There are 2 protein chains.
Amino acid sequence: MVMGREELGQRSETVRRANLSAIVRELHLHGPLSRSELVARTGLTRSAIRALIGELVTGELVVEEPALRLGTPGRPSPLVRLATESTVVLALEISIDSLAVAILGAGGVVLEHRRVDRPRGHSTLEEIAADLVDLARAARARRPLGETPIGVGVAVAGIVNRSDGLVSFAPNLGWVDVPLGATLTAGLALPVPVGVANESDLGALAELRRGAARGADDVLYVHGEVGVGGGIIVDGRPLSGIAGYGGEIGHMPINPQGRPCRCGSTGCWETEVGERALLARAGYPLDGGRAAVDAVLADAAAGVPEALAALQSVGRWLGLGLAGLVNILNPRRVILGGLLSRIHPFVADLVEASLDRHALAAPRRLVSVVPSTLGVDAPLLGAAEMAFEPLLADPAAWLGTRGALVQLESA
Amino acid sequence: MVMGREELGQRSETVRRANLSAIVRELHLHGPLSRSELVARTGLTRSAIRALIGELVTGELVVEEPALRLGTPGRPSPLVRLATESTVVLALEISIDSLAVAILGAGGVVLEHRRVDRPRGHSTLEEIAADLVDLARAARARRPLGETPIGVGVAVAGIVNRSDGLVSFAPNLGWVDVPLGATLTAGLALPVPVGVANESDLGALAELRRGAARGADDVLYVHGEVGVGGGIIVDGRPLSGIAGYGGEIGHMPINPQGRPCRCGSTGCWETEVGERALLARAGYPLDGGRAAVDAVLADAAAGVPEALAALQSVGRWLGLGLAGLVNILNPRRVILGGLLSRIHPFVADLVEASLDRHALAAPRRLVSVVPSTLGVDAPLLGAAEMAFEPLLADPAAWLGTRGALVQLESA
DNA sequence: ACCGGTTTGTGATCCTCTCTTGCAAATGTC
DNA sequence: GACATTTGCAAGAGAGGATCACAAACCGGT
């Protein structure tokens, strides 16, 4: 994600880039807009918008369509739309239970999507990478010949260094210091950068742009399966930390009397609110996987006391940990994803009560806890958003290259 | 702190403002620079720098001085310096044991400074505000007649809403929902905004700009006295949260079997690493204050077992909590301030060992824990930095007004 | 003391980009 | 069908930085 500190010296060209970026970003986030709506949203003049749109149109990033009839007086304003079909990204996901691939067009339109189950347990980098490359090839085969994505985003259930795509630790896969980014770059053989990031960080990004966190600037996304990860949005920007390792809220110590964690520590949050904690308390085998979780939830819906008690325990620990995070981050919204979104209906009241008790009054009043709206695909969609980011940040850099690509194709 | 999202539409004027801001900010952070150094740092051309400096000089924000002899070949470049003596801010601090006032000139030069002891315990808003107003008046009396600060910053040991300066909760003072900002604005009767923020948040800002966190973009500042507060810097920007309540790390739950906290919750971090925890374990009265803390540290230096054991306990809990925060935030540096900087020599090894055990390997490798270099004055200096921020963000806005002020004075 | 090399300030001119302004085009309403 | 409203369009103005040629100030060596 190219979101570094802006260079100090600004030139007039900077203004043009920033304005192009603003237009493309608005179209990406809000869908097609009329020229006049763009004028209103950006604050630019009609003339400026006209010139900028013109440039984007000749650069084939954007198309203009006849205005739709609105029934309002005045001359109708043509609709500006991103060239969804010709500007695409490739998104990949390595989750605990599945692998997924998607191709999305500008504006966030899903053009291809496939998710395949994966047996739990350890896998080698080579196996996973080969499967992902196959999935990507198959997805691309269903698209027009010669289509090349402008970027690739990969979500992985593990701790990732964003700068080099090295997976430092992924207990679900049994990975330590595995060069996922480099391997996928070689395997995909695409002439574009491959960005790798943590699934929770990307889930947060997706929920921010397309899901339950829309419109909020300060967000905490909590993704729970066996492990618990977090994606933190501060002031509209992802908190990645110094190397992209930020957001590992599953490993904040919360119970010194607790169980050992896969990370080597003891009493981490995920040992109390992760899948294994739920299954253990409900009397199911720890490695029961999704089937066992489904059973617990079904039991709870049917009123089985053990299942309800297990959910209540998870709910209490969930609320306790969220209280701490709310105190630390003062977010507007907390989004529960993965397993946590499924148990949310059962534990919502407990969580709220726990926040009342354990969070400071001031930040507590301002926060709301809601389940994910994107569900299992949140990290995959976030990977796509990450891949779009360079385009959104500086569309001007793409105006030249696309012409070159078109020339190459026609030659 | 005016650091919101930039407006979408950019104009050419924006460029000029940004460039003026870059120059003033560089001068504020790095001290006087030659024109040619400014050219190198900003990437602007000599001509652009010349024009911008010229504008700042006529606006009396900056002065040019003859170049210093460097012994290097080439024409010497005149030194550009902020008009320290004529561009000042007023900084105030309400700490648990003291009140403080300072007047700082642009560039961070301390022109006036006074700290007075304050008896611990509850005080009314009126008492504190009156004392601060008196301190400010006395400090201003020692400055040239007619000098008016361009801003006022207030650091307070409590949870503050930044937008209105309402102190939501300050257990040290016995305050709940106290309108500190409005009262000080009225009491000081200055025609400039009064910004109020949490002392830890401001301590972090000061350490970032002038202290141990210099050069780091991701920082956690932990300020411990009776309470424990935190200031978080993400990507070079303070994490304030939706209303400025962020950073309350003292109230993250860490020990469900722990003691009740002043906030109403139980087992908060500050109940294990705050002053009372240290005193209780060392066998000193809980309300012994600074004298008792001094005694514990003296005992420890002399090898008294109880004191050493107390410090070790605090060190272990400190390391445990820091491990969680390192996992969440992935900072480059952790700065220990207040009481924690004093105990750091005694617990450094324990803290490092605790991080090794409880923090994830990847973020743990990248972080270093160091004591504050600004000491007790960090929050006060941070308040000054906050008051300078509008000037740094948009110096152009001051170029007009200063002329007006000068006219007023000469009339 | 002088001369060349180097670095920097200065001023004129050009280029880029947005804003302003006047006008034409397209729609709805009376 | 006249009128108001909204929008697109085109030309000119204004702002601001980049470029370039030249002068000024310093160093070092002869």
Side-chain angles (χ1 to χ4, degrees), chain A residues 6-23 32-59 62-80 394-396 399-400, chain B residues 6-23 32-59 62-80 394-396 399-400:
Chain A
E6 50 275 67
E7 287 235 323
L8 288 174
Q10 308 264 337
R11 327 186 235 179
S12 13
E13 191 193 348
T14 318
V15 175
R16 187 175 195 74
R17 282 177 192 271
N19 285 339
L20 283 172
S21 170
I23 290 175
L33 294 167
S34 72
R35 273 205 206 179
S36 54
E37 283 173 312
L38 282 172
V39 168
R41 283 173 183 273
T42 61
L44 295 172
T45 60
R46 294 202 300 265
S47 309
I49 289 288
R50 186 175 87 95
L52 294 169
I53 297 285
E55 189 165 350
L56 291 172
V57 167
T58 58
V62 143
V63 288
E64 274 194 309
E65 294 175 347
L68 359 117
R69 307 263 162 133
L70 296 167
T72 56
R75 174 173 172 173
S77 193
L79 204 63
V80 182
D394 188 11
L399 294 177
Chain B
E6 49 276 63
E7 285 235 323
L8 288 175
Q10 307 266 338
R11 326 186 236 178
S12 28
E13 190 193 348
T14 317
V15 176
R16 188 170 196 77
R17 284 178 191 272
N19 285 338
L20 284 172
S21 170
I23 291 175
L33 294 168
S34 71
R35 274 205 206 178
S36 55
E37 284 173 312
L38 282 172
V39 167
R41 283 172 183 273
T42 60
L44 295 171
T45 61
R46 295 202 298 266
S47 307
I49 289 288
R50 185 173 86 97
L52 295 168
I53 298 285
E55 190 166 348
L56 291 172
V57 167
T58 58
V62 142
V63 289
E64 274 192 310
E65 293 175 346
L68 0 115
R69 308 265 163 130
L70 295 167
T72 56
R75 176 170 172 173
S77 193
L79 204 64
V80 183
D394 188 11
L399 294 177

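All values below come from the heavy atoms of this structure, side chains included, with hydrogens, waters and symmetry mates left out. As the structure is a computational prediction, the values presented were derived from the model and not from experiment. Chain letters run A, B, ... following the sequence lines, proteins first, then strands; residues in each count from 1.
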Separation of atom CD1 in Ile49(B) from atom P in dG9(C), rounded to whole Å: 10 Å

Under-4.0 Å side-chain N/O to phosphate OP1/OP2 contact, Ser34(A) with dT7(D): no

Given atom CG of Leu79(B) and atom C1' of dG9(C), what is their separation to the nearest angstrom? 15 Å

With heavy-atom distances below 4.5 Å as the criterion, would you say the side chains of Leu52(A) and Leu38(A) are in contact? no

Atom-to-atom span, CD1 of Ile53(B) to C1' of dT10(C) - whole angstrom: 15 Å

All pairs passing side chain to side chain donor-acceptor pair (under 3.5 Å) where residues 43-57 of chain B contributes a residue, at least two apart: Arg16(B)-Glu55(B)

Using a 4.0 Å heavy-atom cut-off to protein, can you give one letter per nucleotide of nucleotides 9-22 of chain D, 5' to 3': B if the base is in contact, S if only the sugar-phosphate is, - if neither? BB-----SSSBB--

Check whether any side-chain nitrogen or oxygen of Ser77(A) sits under 4.0 Å from OP1 or OP2 of dT7(D), and answer yes or no. no

Would you say Ser36(B)'s side chain and Ser77(B)'s backbone share a donor-acceptor pair under 3.5 angstrom? no

For Glu64(B), check salt bridge (charged side-chain N to carboxylate O under 4.0 Å, His left out) against everything at least two apart and list the hits. Arg35(B)

Minimum side-chain heavy-atom gap Leu56(A)-Val80(A) below 4.5 Å: no

Any side-chain heavy-atom pair from Asn19(A) and Thr42(A) closer than 4.5 angstrom? no

